[in-house]
S.K.: 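Here it is: the structure, laid out below.
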Amino acid sequence: MSQQIKIQLPDGSVREVAPGTTPLDIANSISPRLAAAVVVARVRPLNTSAPNGTADAEAKAEQTEEAMYSGNDPAGERIVDLVAPLHEDVALELLKESDPAALRVVRHSAAHVMATAILELFPETKLGHGPATDNGYFYDVYREVPFSEADLAAIERRMAEVVARDEKFQRVEEPREQGLKDYEKSGEFMKVHFIERFTNPGDTISLYKNGNFTDFCRGPHVPSTGRVKAFKVMSIAGAYWLGKEDNQQLQRIYGTAFFSQKELDAHFKYLEEIKARDHRVLGKQLDLFSIQEVAGAGLIFWHPKGGLIRKTMEDWMRGECIRRGYQMVFTPHLMRRELWKISGHEENYAENMYPPMELDDAEYRIKPMNCPGHILIYKNSPKSYRDLPQRYAELGNVYRYERSGTMHGLLRVRGFTQDDAHIFCTPEQIEDEMEACVDFAESVLKTFGFSEFKIELSTWDPKDPKFIGGAEQWNRANGSLTRVLERKNISYKTIPGEAAFYGPKIDIKLVDVLGRLWQLSTVQFDWNLPERFELEYIGEDGERHRPVMVHRALFGSIERFFGVLIEHYAGAFPFWLAPVQVGLVPISEKHADYAESVKKRLEAAGLRVELDLSNQKMNAKIRDFGLQKVPFILVVGDKESATDSVSVRVRGKGDQGSQTIDAFVAHAKQLVTEHSMEL
Ligand SMILES: [Zn+2]
Ligand SMILES: [Zn+2]
């Protein structure tokens, strides 16, 4: 009798079963309901330990061609078909639809279903590879004639038939040489390439069959085509075989798949939402900013309405800096090359800087960062421990080189404004200063309407030589940052090896209304620049000491933060930020005078008002203000002018009836002082 193998389940229990038992057998032995719900299995030889970050690693591995085709199973953890016979002691996890790895398997299986449909309709097509991606799947195919929109629709309809046929995905193994011979004969040049490249002579290769369709693939797949329940063929793009222009032009057909129609619908709604909120589109529609070819890529022009929002953001930030004990400074945009040599930017950051320019006396470079400027202010007069901390803040314009083609609206630019600050303090003060920075960052995010954020603590990798300073320095700094986060009772993720080369940092990522993460605020510890610039202060002991330094930016880049705000609010800014807060509409020409007087009173109260005295009809004016997402539209006619009132329409709520001007002003002013998110 052959020896039993051990199967360990996630609850720790161990079953002894005959070799060749499949994960599906085990699921069935637990319950038929479980067997129907599982999609694939994750197995790990029992003598190995679980790796970290499994899902991410799996996602990455799956998208490489090698992972899709190489004949040899890795020794470690892997995802397998439910019907894969088990022959060794393993830890087994049965993955249901809720597991992200299962979603990738259904998407890759959908790629097989699509290839099946393509070959049934267009048998002359040759197949490349068809992996799952973060949002769906694609298949690269070669066919001389380009596929039309109608072809894609036909492919999608045929896919539904393949799914309805509920064909089993069957794994077949055969000698590599057999596979090569068959594929060469049928002219499948891409499959031949993949076998040659990713397997070795003498290997066994695996093929997956469903119905009459066979594909060279390592798997795994869902049990049958019927499990591909919700899918869509999305789009098509061109690509050269192996990325070489002399090669065949391939067609990459994109699709997506989910476990249910409901999830698929939600996905499309999400994509539409993202499109509708695109800050580049809204920026144009609401006349907030532009990027002009004649001036250059990645350089932002703030139009009056965008400029007003920026002014409001900056006013708030400056006021808050002063309230929190910062001093506002201003530093030049151009500084001598010598300075950038001392700071180390010439050495470490040159590829992001614009080339030096020759002036009468020396070479100059445009600043990519504000730090050296603030350091020169610190250094300009002797400091004692009583002067510390010194907190210098500047809304500083910086210019960094980004490769052409990588720019993206306000999010990735070549010229931007940092709400930058540098804090010079004694080593004893560092924890309090870091904590105050994290507090400040939280206040920025909350004020601008983000209630959710994630915090990352980036630390060094002792093995990486780019990190300067010794273990003692790093451990001390990491220790203080950790204590700061723990003191504030904030949960965070530690990311080893992601620190700046000069010290650890805390990054704060906000979560927007669509659940997307944006990296904006950063607070960084630095012992390098004080060293390079030989900064000093006289301590209580009368001796010279070296201060430490904190770099922090909370909006990060004002341009980028603005881009995120536009998308977060879909252009409907909260009242206190809205460039036009009140749109005034007289019912007819004869109410123009009263409308003018209302405008004056609102403006005297500090509100931003636009009065429409054009020849358009009243309803057209209301519609226009609505399209501009103006928070309040006030309509005035006979009744209003007789009662010193306005008829109020609220964005998103419609007509709210009339109100006296005094009551309206009081309410509006309250919204502004409270930075209310109510409207
Ligand atoms: Zn496959
Ligand atoms: Zn800095």
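Both ligands and their constituent atoms are indexed starting at 1 by order of listing.
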S.K.: Identify which one of Lys341, Arg336, Arg365 satisfies the salt bridge (charged side-chain N to carboxylate O under 4.0 Å, His left out) criterion when paired with Glu346.
M.R.: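 It is Arg365, the one option of Lys341, Arg336, Arg365 that forms the salt bridge (charged side-chain N to carboxylate O under 4.0 Å, His left out) with Glu346.
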S.K.: Please work out which of the three classes, parallel, tilted or perpendicular, describes the rings of Phe122 and Phe147, given edges at 30° and 60°.
M.R.: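 Geometry flag for Phe122 against Phe147: perpendicular rings.
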S.K.: Among residues at least two apart in sequence or on other chains, which ones pass ring-ring contact (aromatic ring centres under 6.0 Å, His included) with His422?
M.R.: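 His422 satisfies ring-ring contact (aromatic ring centres under 6.0 Å, His included) with His374, His551 once adjacent residues are dropped.
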S.K.: Which pair of heavy atoms, one from Trp460 and one from Gly469, lies closest together, and at what distance?
M.R.: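 Heavy-atom minimum between the residues: CZ3-O, 4.2 Å.
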S.K.: Taking only residues two or more places apart in sequence or in another chain, which ones pass side-chain contact (heavy atoms from CB on, under 4.5 Å) with Arg252?
M.R.: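 Listed in chain order: Phe138, Asp140, Tyr254.
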S.K.: Measuring from the Zn ion (ligand 2), count protein N/O/S atoms under 2.8 Å, please.
M.R.: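 Excluding waters, the total comes to 3.
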S.K.: Considering residues at least two apart in sequence or located in another chain, which fulfil the ring-ring contact (aromatic ring centres under 6.0 Å, His included) criterion with His545?
M.R.: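 If we apply the ring-ring contact (aromatic ring centres under 6.0 Å, His included) test to His545, skipping adjacent residues, the hits are Tyr537.
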S.K.: To the nearest 10 degrees, could you say what angle the Zn ion (ligand 1) makes with NE2 of His112 and NE2 of His221?
M.R.: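 Rounding to the nearest 10 degrees gives 90°.
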